[in-house]
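What follows is a single structure, written as structure tokens, with notes after it.
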There are 2 protein chains.
Amino acid sequence: MKELKDRIRRDGVIKAGNVLKVDSFLNHQMDIGLFEQIGQEFKRRFADAKVNKILTIEASGIGIACVVAQSFHVPVVFAKKTQTKNIAGEVYTTQVESYTHGRIYDVIVAKEFLGKGDKVLLIDDFLANGKALEGLAKLVEDSGAELVGAGIVIEKGFQVGGQLLRSKGIRIESLAIVEQMDETTGTIVFKGDERDGE
Amino acid sequence: MKELKDRIRRDGVIKAGNVLKVDSFLNHQMDIGLFEQIGQEFKRRFADAKVNKILTIEASGIGIACVVAQSFHVPVVFAKKTQTKNIAGEVYTTQVESYTHGRIYDVIVAKEFLGKGDKVLLIDDFLANGKALEGLAKLVEDSGAELVGAGIVIEKGFQVGGQLLRSKGIRIESLAIVEQMDETTGTIVFKGDERDGE
């Protein structure tokens, strides 16, 4: 998605440790007009999939998922990272290791909001080691719902997550796949750069 | 807002301890069509306010804020509850006590995304004891931005938050103010019920 890649090149900041900061438009401050374009692109890619529910994980996936959901006209469910008083006892649960936070979370979805008959699209801002997406896929599987795929805004193609999940047969659509990034020069190479002139 | 009150009466569940569960449409599963109506109503109420940024707090405020932002054509910033590797050192910070989780959070916003010249509308799903909103208002004040008010989906009128914040001169617009709710009968009385036939 050219607008997205251009925006990452313009406003993204590469930091030590393979960190790509895009918090000026994606996951701290959020450019809602860009999210609308992202939603239209996911709708185009998953037009055939009869999605009837979007599942994401708190926190930075939620805003993107809600705007994307407008293109699909479906509700969003977000998986929560800890059990709170407001969640009933009946939940699907799994554990997710967070690369960013360096800890393991319990991730839960109330059973009443996911189940047989649902055709679920996962949405998240990043795919790196794939742990969050793997956890969401497990929740969908446990619920008896059908996983139609995952829509990812930025995939770090040099980390294992994309390969891991695709090898399990999960359809992954990433709008920008970073193949290389260089902290010292600030340059980013996206998959497809050489092919389509993006 | 009649559609919202009707929805709360239909799908909300009253639990012991003054808990109003609305997680089938507001803060776990999210009805994006309803969020669009909520956005239009906040835009109507804050039409004069020249809002150029929306500030919310993770996690359940984010989805609402992003859809509301479409009515205002402004970016959203969400305050984060813990310091992560992806946030630069330069942050505004305050502490917020969570009623739901029974603990105190550090809440942060990167300085580059909030400051002088910003006219900020706060958006959140609930106003109860007001601690989260008070924290967000402090971040806005610390940044030198102007706080134009707060748009709240559901206010618990029998808790102190609304009175506390209004007494500080903050403009609060709540789309549904619960005055009483009864766990045994499942009945909810909203402010304005007797006046406007809602």
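We name chains A, B, ... by the order of the sequence lines, and we start the count at 1 in each one. Heavy atoms only: backbone and side chains are in, while hydrogens, waters and symmetry mates are out.
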Apply the test side-chain contact (heavy atoms from CB on, under 4.5 Å) to residues A/Val22 and A/Asn27: give CA-CA distance (whole Å), side-chain angles for both, the deciding distance (0.1 Å), then the verdict.
CA-CA 7 Å; A/Val22 287; A/Asn27 52 17; 4.0 Å; yes
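Chain A forms more heavy-atom pairs under 4.5 Å with one residue of B/Glu58, B/Gln70, B/Glu36 than with any other, namely B/Gln70. Interface check for chain B: of the options A/Val13, A/Ile32, A/Val74, A/Leu114, the most heavy-atom pairs under 4.5 Å are formed by A/Ile32. Ranked by heavy-atom pairs under 4.5 Å with chain A, the first of B/Ile64, B/Val76, B/Val77 is B/Val76.
For a residue to count as touching a neighbouring chain, one of its non-hydrogen atoms must lie under 4.5 Å from one of that chain's; by this rule B/Ser24 touches chain A with backbone and side chain alike.
For the pair A/Arg10 and A/Phe25, the cation-pi criterion (under 6.0 Å, within 45° of the ring axis) is not fulfilled.
B/Arg45 and B/Glu173 are joined by a salt bridge, as a carboxylate oxygen and a charged side-chain nitrogen come within less than 4.0 angstrom of each other. In this structure, A/Arg166 pairs ionically with A/Glu155, as a charged nitrogen and a carboxylate oxygen lie closer than 4.0 Å.
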